[in-house]
Amino acid sequence: MSPPHLFLIAGEPSGDRLGAALMAGLKRQTGGDVRFTGIGGPLMQDEGLDSLLPMDRLSVMGLTEVLPRLPELLRLIRRTGAAVAEARPDALVTIDSPDFCLRVAGRARAALPGLRTVHYVAPSVWAWRPGRAAKMAKVIDHVLALLPFEPPYMTAAGMSCDFVGHPVIETPPASPAETAAFRAAHGIAPDAPLLCVLPGSRAGEVARHGALFRQVLERLAPNHPGMRVVIPTVAARAAAVAGLFSGAPGDPVVLDPAAPGGAEAETRKRRAFAAADAALAVSGTVSLELARAGTPMVVAYRASTLSAFLARRLVKVRYASLVNILQDRPIIPEFLFEAATPRALTGATGRLLDDPEARARQIDGFDAAMRALGQGGDSPGLRAARSVLSVIV
């Protein structure tokens, strides 16, 4: 029997991480007797993928970015679909990036009607646009879900689905020695109140939340003498963030991945999270990273008037933070849209800095959420590998 041959496609850095873990799991499950073809980033290439083209050619977000590149993206969809048909793999595994990947899957299935197709990361139909699952089922056989409540939504649409766990559980919190070293490296006293501020990774998020979060710091400072602030950011936003928080209370330390030592950016961010007593963050995946680090937080999100209007009518969940959604209760204080005011955020953040019991209640909720995401079992990459192999054997 020939080794299984998989065609994998990842279009974003997050997908590259998932793909690399899946490839490692597949090699472990097969004793290395597996073939890979496809498109991926540096992590997948380190696992043995010879990428057909640079992954960053697929990495675009937002209408204003997509439209100028639409002709190129359509060509890449046609080219990639043809490459799948030529490779004739045992299965096509598409990883997130649904706008690109599902179009490729459709073309590949048209050329190879018996091709098995797997999509890694279920669409969040439990939150909004439930029709996406039925549309996806036209070209996808099997789904790998990151969240434990997602499989029923996928099976109801006609696909098989396995919960394989969320990658956040694979990142261990920084040790006490690491957090102490982080404080010392940035001149932060061991007993100084430390607030981690995360105004977002996209330009619009930083623009909407930067000034708001600075106002919160200005309100917190008089009642929290000695408070320090650390602001992890992404390279593309580092200059804007540094400008917004220049001279702000707490002598902010901006962690720029492009600065010297940036190769260790994820390690520094992980240590910053664990060293902080509390965090003020824009709603998003970062809330799960903070929860994994055991860092109590307040979550905020502001949007344009139109976006807020649409969200209230389209979004079906009660909470924005996955920790709250998993526990179905407000473990993390959330302040969304017009509720995200300097006064409200100052009060909630100040309570976390001042009240050890409030911090402990959140941490208890974090532990339960991480267990729900798969902590304590096999790694998500290994579980994903078993799931993929079950589809093609």
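The first residue in the sequence is number 1, and the count goes up from there.
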Salt-bridge present ([X], [Y]; N to O < 4.0 Å):
X      : Y      : result
Arg386 : Asp378 : yes
Arg214 : Glu218 : yes
Arg270 : Glu178 : yes

Hey, could you give me the [atom1]/[atom2] distance between [X] and [Y], rounded to the nearest 0.5 Å?
X      : Y      : atom1 : atom2 : answer
Leu212 : Thr341 : CG    : OG1   : 8.0 Å
Met370 : Ile169 : CE    : CD1   : 8.5 Å
Phe335 : Arg343 : CZ    : CZ    : 12.0 Å
Ile39  : Thr94  : CD1   : OG1   : 11.5 Å
Ser97  : Met55  : OG    : CE    : 8.0 Å
Leu389 : Gln29  : CG    : CD    : 6.5 Å

With distance as the sole test, does [X] use its side chain to make a donor-acceptor pair with the main-chain N or O of [Y] at under 3.5 Å?
X      : Y      : answer
Ser124 : Trp126 : no
Lys269 : Pro257 : no
Arg228 : Gly187 : yes
Arg383 : Gly374 : yes
Arg292 : Thr171 : yes
Arg183 : Ala275 : yes
Asp90  : Leu6   : no
Gln362 : Met297 : yes
Ser246 : Gly243 : no
Arg302 : Ala340 : yes

Neighbour count >12 (heavy atoms, 6.0 Å) for atom CZ, Arg28:
no
Got more than 12 heavy atoms from elsewhere within 6.0 Å of CZ, Arg35?
no
So which heavy atom on [X] is nearest to which on [Y], and how close?
X      : Y      : result
Ala384 : Tyr120 : CB-OH, 3.7 Å
Asp96  : Ser14  : OD2-OG, 4.2 Å
Asp33  : Pro3   : OD1-CB, 3.1 Å
Ser283 : Val299 : CB-CG1, 3.4 Å

List the steps, then state whether side-chain contact (heavy atoms from CB on, under 4.5 Å) holds for His142 with Asp162.
CA-CA 8 Å; His142 185 67; Asp162 288 331; 3.5 Å; yes
I want to check something: taking the side chain as every heavy atom from C-beta on, are [X] and [Y] in contact at a cut-off of under 4.5 Å?
X      : Y      : answer
Pro380 : Glu170 : yes
Phe100 : Thr80  : yes
Cys101 : Ile95  : no
Leu49  : Glu47  : no

Who passes side chain to side chain contact (heavy atoms under 4.5 Å, CB included) against Arg78, sequence neighbours left out?
Leu74, Arg75, Arg107
Going by ring-ring contact (aromatic ring centres under 6.0 Å, His included), name the residues that satisfy it together with His209, two or more places apart in sequence or in a different chain.
Phe213, Tyr301
With sequence neighbours excluded, tell me which residues meet ring-ring contact (aromatic ring centres under 6.0 Å, His included) with Phe182.
His186
Under 4.5 Å between side-chain heavy atoms, counting indirect links through other Ile/Leu/Val/Met/Phe/Trp/Tyr residues: same cluster for Leu18 and Leu22 or not?
yes
Which atom pairs, donor and acceptor, lie under 3.5 Å between side-chain atoms of residues 323-333 and protein residues at least two apart or in another chain?
from   : atom 1 : to     : atom 2 : distance (Å)
Asn324 : OD1    : Ile331 : N      : 2.9
Asn324 : OD1    : Ile332 : N      : 2.9
Asn324 : ND2    : Ile332 : O      : 2.9
Asn324 : ND2    : Glu334 : OE2    : 2.9

Among Met154, Met136, Glu150, exactly one meets side chain to side chain contact (heavy atoms under 4.5 Å, CB included) together with Val125. Which residue is that?
Met154
Please report the C-alpha distance between Val298 and Val216 in whole Å, then the side-chain angles of each, then the deciding distance to 0.1 Å, and finally whether the side-chain contact (heavy atoms from CB on, under 4.5 Å) criterion is met.
CA-CA 12 Å; Val298 173; Val216 173; over 6 Å; no
Kindly give the cluster partners of Leu43, where membership spreads through any ILVMFWY side chain lying under 4.5 Å from a current member.
none
Evaluate Leu195 against His224 for side-chain contact (heavy atoms from CB on, under 4.5 Å), listing each step before the verdict.
CA-CA 11 Å; Leu195 179 66; His224 297 86; over 6 Å; no
Apply the test side-chain contact (heavy atoms from CB on, under 4.5 Å) to residues Leu255 and Val230: give CA-CA distance (whole Å), side-chain angles for both, the deciding distance (0.1 Å), then the verdict.
CA-CA 7 Å; Leu255 299 182; Val230 60; 3.9 Å; yes
Going by the salt bridge (charged side-chain N to carboxylate O under 4.0 Å, His left out) test, which pairs reach into residues 138-148, not counting sequence neighbours?
Arg109-Asp141, Arg116-Asp141
